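Okay, so here's the structure we're looking at.
Scope of the values below: all heavy atoms of this structure, side chains included, with no hydrogens, waters or symmetry mates. All values reported here derive from a predicted model rather than from experimental measurement. Proteins get letters first, then strands, A, B, ... in listed order; numbering begins at 1 in each.
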Amino acid sequence: MDLEKFLVLSAIIFAIGLYGALARRNVITVLMSLELMFTAVILAAVTMSRYVASREALAQTGVATESVLQTLLTGQVFALFIIVVAAAEIALGLGIVIAFYRSRETVDISQANLMNR
Amino acid sequence: MISEGAVWAIFLLPVGALAVNALVVRLFLNDRPSLAMFTIVAALGAAVVLSVWTLASVIENGTHIFDEYTWLTVGGVELRFGLMVDSLTAIMLVVVTSVSLMVQVYSHGYMKGDPGYVRYFAFMSLFSAAMIGLVMAGNIIQLFVMWELVGLGSYLLIGFWTHRPAAAAAAKKAFLVTRIGDFGFLLAILYLFFNRAAFMEQGLDPLSIADIQAAAPLITSGAMAALGGLGLTWVAVGIFAGAAGKSAQFPLHVWLPDAMEGPTPVSALIHAATMVAAGVFLVARFFPVFEASTEAMAAVALVGAFTALFAASMGLVMKDIKRVLAYSTISQLGYMMAALGIGAYGAAIFHLFTHAFFKALLFLGAGSVNHATGTFDMRYMGGLRRIMPWTYALMMIGSLSLVGIFPLAGFWSKDEILGYAWKGGSVVEMAVFLMLAVSVAATAFYTFRMMYMTFHGQFRGGVEAEEKEQGIPAEDSHGGKVHLAESPWVMVAPMAILGVGAVAGGYLVNPQSGLLGIPVHWFSEFVVPPVVEHGKALPLNSMLAAVTTIVALGFIGLATAMYVKGKRVDPGVEKAVEPVRRTVEAKYYFDELYEDKLVVKGFYGKLGGFLEWFDQQVVDSVVDAAGWFSRNLGWAFGRLQSGQAQFYGVGITSGIVVILVAYLVWG
């Protein structure tokens, strides 16, 4: 297992997503960037769970026991949860974008400035 | 041997009169005001009897100190109260109760028909009680409380006619000026209190008067080193400051002449016979402390003698009969202080005793004159001796006694003081003698100027002429009317009794040779308590007495020439002394100095100006800076709230980065 490679990839994807979420002005791009950040987190979670499980399996003479299986599955269940939440979030977010577009006739996020009132 | 309860009763009787007058007569029986007078006369009559009994008991058994009660305990220090009845207290009790009784009877005539009649007698009861409590206090805190109550009584009675602005102002002035002196007294008490350890080492109570008297010789001999000679001097000076305030000594004399705004019987009782003598009493009470400090004694002597001369000079030019008497009172109090300062304890109290009678008599006479003419301004009197023969005769007795003509009371006491000053040879005593001797001449002149302007010549119209000529506004009017007649017997009788005192009070109590079974120099020997070293009796110096009498007669003659025969001084001389006369008539500009310079310019102008500057510049700046800071901080944070979610996201992200970096570096 090459832990570092996966984590570095995850960090790069997260950084790209963060940049896109904070710097891009198109709302659609921002939503896509958020999805990128979710992806990075999912990748990190799966990587870590696989890594920890293999460490535990090594400690217990290479036999995949009940507890190893649980640790392995924890990260993967988390990944599934995040995918579900992201799907819900993107449905909601696109709804807001459409409402925003209808009222402002633009998708420029800098026009969403009602919070300074 | 008098019982403790009987001595307390002297104090509690007028307290009871106050309660009855204020709570019963004033509230429920206001339609029968004379009840107030009967209440206080009954109380004081009983008090006089008990005072005489006390005096007899002290003569027989010496000083009584009654068990002190614990009043309260603060941090291991007990505040106690009790009674200390020595010869001085016994004499003062007799003087205070008897003069007060006479004044109350007189007041019934003088205050008749006044709407505040009951209130007047309630205040008088309060004052009498406080003064009696003052002279028999056994503890310095107790004494101070009574001292302040006396000041309160004085304030209430000077400002008795509250509708007159001048009376209100005079009451306030009296209260504030005496307050300045009281502050010195309070500092002396605090000094004793803070040095209580030194007293306790010797088994003494720092606040008990008897123990303070006992401590003075110990301090001088070095047995109480913690409280050295300098500390003792400061205690003495502080006590003297309080005494100077109450006794109107220079430079705190300015309140007494203004206090004449009160009803005349008040002036007679408070501002001639009793309260102003409280200052002299106070110095006498702590005489061992003064005796232990040469500097304090010299200060008392010089201030007293200077006041005697200074006040007498102003008495020469006053136009108001009560003001002449007021300055005369200040001058005579100066005599007493000077006598104490040169160690003539017995002579000082003897003069206090005789002065109480003849000065009360003179004030009551002035009130009687006012009763007839409605005014106090001597320029509108004159010719009253045929109309008011009794008042004239009695005031003449009082005047001769004040001037010190043989064989009236004032002669004996004044010559004893002068004899003391003459006998001592130091510079201080010589200065005191010179100033007092000049005052004798001035006293003779102003007293007879007053008598001649009031009683001789032609009547000059009374209050009606005064109000017409002076254009006095209605709210300042005394509301007097001219009705030329002798005053009723209820006013003349008390004067006559005081007149007996003014005639016989001198020789009878302090005879030069054994007479009627009274021992020679009885008073001066008796009144000096054993704790006092000096100040016992002195045989009469006949030469000195003859010289002062001749001087006094000479100045009476001068007054006769000027005010009866109508001789004028040479116009050239009159012109030359004009600026002097002007200065004296303006009371040496002391009122202007205090009110315009000290209070208006110094207090309001400089101190008030500084405080205003401090408030506006320093205090307000701090407050403004706090407001400016908050406002601008808020503005700066407000700028951050752009409403751009991405901007907030940058903030959150950079915050997390900072925390992470910090964790990696320092964690």
Next on the checklist: Tell me whether Arg25(A) at atom CZ has more than 12 heavy atoms from other residues, nucleotides or ligands lying less than 6.0 Å away.
Outcome noted: no
Checklist entry - Tyr648(B) versus chain A, heavy atoms under 4.5 Å apart: side chain, backbone, both or neither? => result side chain
Checklist outcome for this item: Comparing Ala112(A), Ser110(A), Ala21(A) against chain B, the one with the most heavy-atom pairs below 4.5 Å turns out to be Ser110(A)
Checklist entry - For Arg24(A) and Gln646(B), which heavy atoms make the closest approach, and how far apart are they? => result O-NE2, 2.6 Å
Item to check | Phe100(A), CZ atom: more than 12 neighbouring heavy atoms under 6.0 Å | outcome: yes
Using residues 626-639 of chain B as the side-chain source, report each donor-acceptor pair under 3.5 Å to any protein atom, sequence neighbours left out, with the distance given to one decimal.
from, atom 1, to, atom 2, distance (Å)
Ser630(B), OG, Ala626(B), O, 2.9
Asn632(B), ND2, Trp628(B), O, 2.8

Checklist entry - More than 12 non-hydrogen atoms from neighbouring residues, nucleotides or ligands closer than 6.0 Å to OH on Tyr155(B), yes or no? => result no
Checklist outcome for this item: For Leu22(A) and Thr653(B) the tightest heavy-atom approach is CD1-OG1, 3.6 Å
Checklist entry - How far apart are the closest heavy atoms of Gln644(B) and Ile109(A), and which atoms are they? => result OE1-O, 3.8 Å
